[in-house]
Protein chains: 2
Amino acid sequence: MVGIMDGEHVRERIGGVNQSGVRDYNERLLLSMLQRNGPAAGGDMARRAGLSPQTVSVILRKLERDGIVKRGEPVRGKVGKPSIPMELNPDGVFSFGLKVGRRSADLSLLDFTGQVRKQLHLSYTYPMPQEVFGFLETGVAQLAADLDEDARARLCGIGIAAPFELWKWHDLVGAPEQDFLSWRELDIAQIVGQFSDLPVFVVNDATAACRAEHLFGKTKDYRDYAYFFIGSFIGGGVVLNGTVYEGNQGNAGALGSMRSTGPLGESRQLIDVASIHLLERRLVEAGLDTDMLWGHPQDWSQLSRYVDPWIGETAQELAKAALSICSVIDFEAVVIDGAFPENVREELVERVQRYLANQDVRGLIPPEICEGSIGENARSMGAASSPIFTQFLLNTNAGLSSI
Amino acid sequence: MVGIMDGEHVRERIGGVNQSGVRDYNERLLLSMLQRNGPAAGGDMARRAGLSPQTVSVILRKLERDGIVKRGEPVRGKVGKPSIPMELNPDGVFSFGLKVGRRSADLSLLDFTGQVRKQLHLSYTYPMPQEVFGFLETGVAQLAADLDEDARARLCGIGIAAPFELWKWHDLVGAPEQDFLSWRELDIAQIVGQFSDLPVFVVNDATAACRAEHLFGKTKDYRDYAYFFIGSFIGGGVVLNGTVYEGNQGNAGALGSMRSTGPLGESRQLIDVASIHLLERRLVEAGLDTDMLWGHPQDWSQLSRYVDPWIGETAQELAKAALSICSVIDFEAVVIDGAFPENVREELVERVQRYLANQDVRGLIPPEICEGSIGENARSMGAASSPIFTQFLLNTNAGLSSI
DNA sequence: CTATTAATAAATCAAGTTTATTTATTTATT
DNA sequence: AATAAATAAATAAACTTGATTTATTAATAG
């Protein structure tokens, strides 16, 4: 089995490959194919993977025995024996995902196919470790208690999505610097380890959202793309070679730090000119209630007087940033999502496309600009998908060398 | 054997792995270790690669039989049987590299260890296909004729480094648009195929330079870095996970297209503000002879009145670009090289470091800025290294799936 | 001479491939 | 409607490849 059952976690190897590495690779490959393209018969998968039908058969039967894939309905109507499509077993793997945000935290229980089975929510004025991890501890216990014994044994980890260097936020969120600095000293894995034996994965929040979009989103199947997630603060993620790329230091896709230039030629960062907190500030200045921004379901239609110009400015900045991004890596597309209503996303993407047409693209292959499809939940879903990805799916950026 | 001898070229596979894939991977891994870290004994390599000594022994003996590695002098002085370090056989593989530049083309014959064995040079006012490929054809014939039969059989390919969308250059180089457009229709592999059976690899020129630096340079062994090559026009390359990353569409590291902003807030590209052609133009405006820029060996000391301000402006732009680049991928370093004298490179790097200190690095891990070590020849050497890399070394970005 | 280490041969093990068989269908024929 | 032929899927058995384990030999320092 790929990982969880025998407690075999992620090893960082430098080097050579042996047969069990091959088996692990091929297992992950088949699971990734099912994850990405949906149910498929063994013979079909063999053809696509370039493996012999027998090999695929052996691997699939083992995965079936382990309960992480299951047989679908036989497909009749063609000559010959009907084919039996195999599919991921939704109940085969479960995972927790915690998103730590500017104003709230979400805890999701995800199944193997990316369905959010349960979700808990916590609001605050700003996040503090004790409260957040208290929420996580009780939440994990509560959600796990609702599962039957078999499902509980199939919990494969806890993913935690938080902004990079959260402790530097104190001025932005209005928290006392001294208190907030305690985030810095935190060993998250150690804290979580005190109340759970599940493996813990800490990820950048926007990278988590990117992973959710990549694994579970409806976006076209691009091999390489950059991803924006516009929340209180804008962030980004990067997909290379069909796999989310976190970066050697875990800080790839820090697109909020892209340089922009103000009207007076002064240097700014994207985070200062293309984030929802700008819109929020304008609402505050206008004496309006900012809770309208974060309602469930989200509806910004009452705010169009403030939202429309915000979309315009944000789109302009995103268009410029998109091209700089594509100078570094020749992404096929730039995908945009965020914690806003769908019609806002749609409008934003359309405007970016329009601005892009007027940019200087010498030396570049201009990317397609398209909408993400998950929205606000992307971060906690992406957090939860990290343990699943690491233990069951194929990282095409790591080769065999670091499985 | 990895490739050349049995004429087995690069296949793009999508999928699964079998035993021969494993063998190929491990062979490439051992060769890459020798390439990167120099001679090493089998046992030592086994330890580092995490393979059994036996496996390494078998592979090395085969590579030795094939003549691409050879035994070094036994190392005595330690207890036990002396170890026999293995090393790449310089005469084991040869490759041609053609650089097509703004004012000249270079053809290099490279050996397996990266030594330029022979080099030919062609100058022009601007490059035209017929002249360039004529030079390549006669040059390849001439250099091959100088080799003995065994060495000739070990030629593994022709790498060609040219700028992206060369045909769009006509206004920059002062060529008649109509003539120059013929570059566009060109099927380079087909043209070269008419006079040579060697496999042909076309690469972006700056990416080629980056590969030369990565394989043969003295730069510290960073896992991920961005690379600038400043020639007539500035270009870039990208190293991810210890391997040069060309990009899905072959246009990764198009750093010349990074956006910059002029004093009036107008949008410009790096290529317009950080290239040697700017310096050249100023020399022309001052009525000076631009040949001083391109002499061999290069000496710009007479030009300091023009060079110093150029360095300053270039450094400022590079510092800003470096941070945008590191927002996309969390590179450990930014390496700077170019077709200029070493003291210019040194000064430039120092200034970039100084400018970087004043930049807004919120949300980023600031990269180290350091000097490349190869200089002008990097592009043709890098071009020549492409066939060697593709056929003998390990692409850690491709996994096993696309070897 | 002994302890130690390097290199490699022989036997073993793991995983993919090839070939052959079984099974469930559809399609053609009677 | 009954039956045979063709086809395709799935899998079992034998085979092949390549890494690992264990044992042996070689060379050297002390």
Side-chain angles (χ1 to χ4, degrees), chain A residues 1-2 6 8 13 15-30 39-65 69-87 400-401 403, chain B residues 1-2 6 8 13 15-30 39-65 69-87 400-401 403:
Chain A
M1 233 274 277
V2 187
D6 40 13
E8 175 189 315
R13 263 199 269 125
V17 188
N18 53 22
Q19 278 94 331
S20 55
V22 170
R23 179 52 168 275
D24 185 62
Y25 182 96
N26 287 337
E27 251 179 56
R28 285 169 183 265
L29 174 66
L30 296 186
D44 185 34
M45 300 184 75
R47 221 168 299 117
R48 283 188 283 158
L51 291 168
S52 69
Q54 182 59 11
T55 299
V56 173
S57 168
V58 167
I59 294 176
L60 284 178
R61 267 179 307 139
K62 180 172 159 297
L63 292 174
E64 192 186 0
R65 264 202 318 281
V69 305
K70 63 175 194 182
R71 284 161 195 273
E73 276 308 297
V75 175
R76 292 160 213 281
K78 283 181 297 187
V79 174
K81 181 176 175 179
S83 66
I84 299 168
M86 302 299 290
E87 58 190 60
L400 276 194
S401 48
I403 287 172
Chain B
M1 231 275 277
V2 185
D6 40 12
E8 175 190 317
R13 264 199 270 126
V17 188
N18 52 23
Q19 279 93 329
S20 56
V22 170
R23 177 52 170 274
D24 184 63
Y25 182 96
N26 287 336
E27 254 180 54
R28 285 169 184 266
L29 174 66
L30 296 185
D44 185 31
M45 300 182 76
R47 222 168 299 118
R48 283 189 283 157
L51 291 169
S52 69
Q54 182 60 11
T55 299
V56 173
S57 169
V58 168
I59 294 176
L60 284 178
R61 265 179 306 142
K62 179 172 160 294
L63 293 172
E64 192 186 1
R65 265 202 318 280
V69 304
K70 64 175 195 183
R71 284 160 194 274
E73 276 307 299
V75 175
R76 292 162 212 281
K78 283 182 296 187
V79 173
K81 182 176 174 178
S83 66
I84 299 169
M86 301 299 289
E87 58 191 61
L400 276 192
S401 46
I403 287 172

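These values consider heavy atoms only, across backbone and side chains, with no hydrogens, waters or symmetry-generated copies. Naming: A, B, ... by sequence-line order, numbering from 1 per chain.
Here D:dT11 presents its P atom at 16 Å from CG of A:Leu51, a figure rounded to the nearest Å. To the nearest angstrom, P of D:dA19 lies 14 Å from CE of B:Met45. Across the protein-nucleic acid pair, A:Met86 atom CE and D:dA9 atom P stand 15 Å apart, rounded to whole Å. One interatomic measurement links the two molecules: CG of A:Asp24 to C1' of D:dA19, which rounds to 16 Å at whole-angstrom precision. For the pair B:Leu60 CG and D:dG18 C1', the interatomic distance rounds to 15 Å; values are reported in whole Å. Put simply, CD on A:Glu64 is 13 Å from C1' on D:dT11, counting in whole angstrom units.
You can see that DNA chain C meets the heavy atoms of chain B within a 4.0 Å-exclusive cut from C:dT4 to C:dT17, reading 5' to 3'.
Closest to the side chain of A:Ser57, from the set D:dA10, D:dA19, D:dT11, is D:dT11. Nearest to the side chain of A:Ala41, among D:dA10, D:dT11, D:dA19, sits D:dA10. In the set D:dA12, D:dT20, D:dA9, D:dA9 carries the atom at the smallest distance from any side-chain atom of A:Arg47.
With both pairing distances under 3.5 Å, D:dA5 is matched to C:dT26 as a Watson-Crick or G-U wobble pair. The partner of C:dA15 is D:dT16, by the rule that a Watson-Crick or G-U pair needs both atom distances under 3.5 Å.
In this structure, the separation between CZ on B:Arg61 and CD on B:Glu64 is 9.0 Å, given to the nearest 0.5 Å. Here CD1 of B:Ile84 is found 14.0 Å from NZ of B:Lys70. Values are rounded to the nearest 0.5 Å. Rounded to the nearest 0.5 Å, atoms CZ (B:Arg47) and OG (B:Ser52) are 12.5 Å apart. To the nearest 0.5 Å, atoms CG (A:Leu51) and CG (A:Asn26) are separated by 4.5 Å.
Map A:Arg76 and A:Thr55 each onto its nearest nucleotide of DNA chain C; the residue landing nearer the 5' end is A:Thr55. Mapping A:Ser83 and A:Arg61 onto DNA chain D via the closest heavy atom, the residue that lands nearer the 5' end is A:Ser83. Residue order along DNA chain C, read from the 5' end via each residue's closest nucleotide, puts B:Gly43 first among A:Lys81 and B:Gly43.
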Pair A:Met86-A:Arg71, side-chain contact (heavy atoms from CB on, under 4.5 Å): steps then yes or no: CA-CA 5 Å; A:Met86 302 299 290; A:Arg71 284 161 195 273; 3.8 Å; yes
Worked verdict on B:Arg48 versus B:Val56 for side-chain contact (heavy atoms from CB on, under 4.5 Å): CA-CA 11 Å; B:Arg48 283 189 283 157; B:Val56 173; over 6 Å; no
Audit row: A:Arg28, A:Asp24, side-chain contact (heavy atoms from CB on, under 4.5 Å) steps and yes/no: CA-CA 6 Å; A:Arg28 285 169 183 265; A:Asp24 185 62; 3.0 Å; yes
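At a cut-off of 3.5 angstrom, counting only N and O atoms as typed in the model, there is a donor on one side and an acceptor on the other between the side-chain of A:Gln54 and the base of D:dA12.
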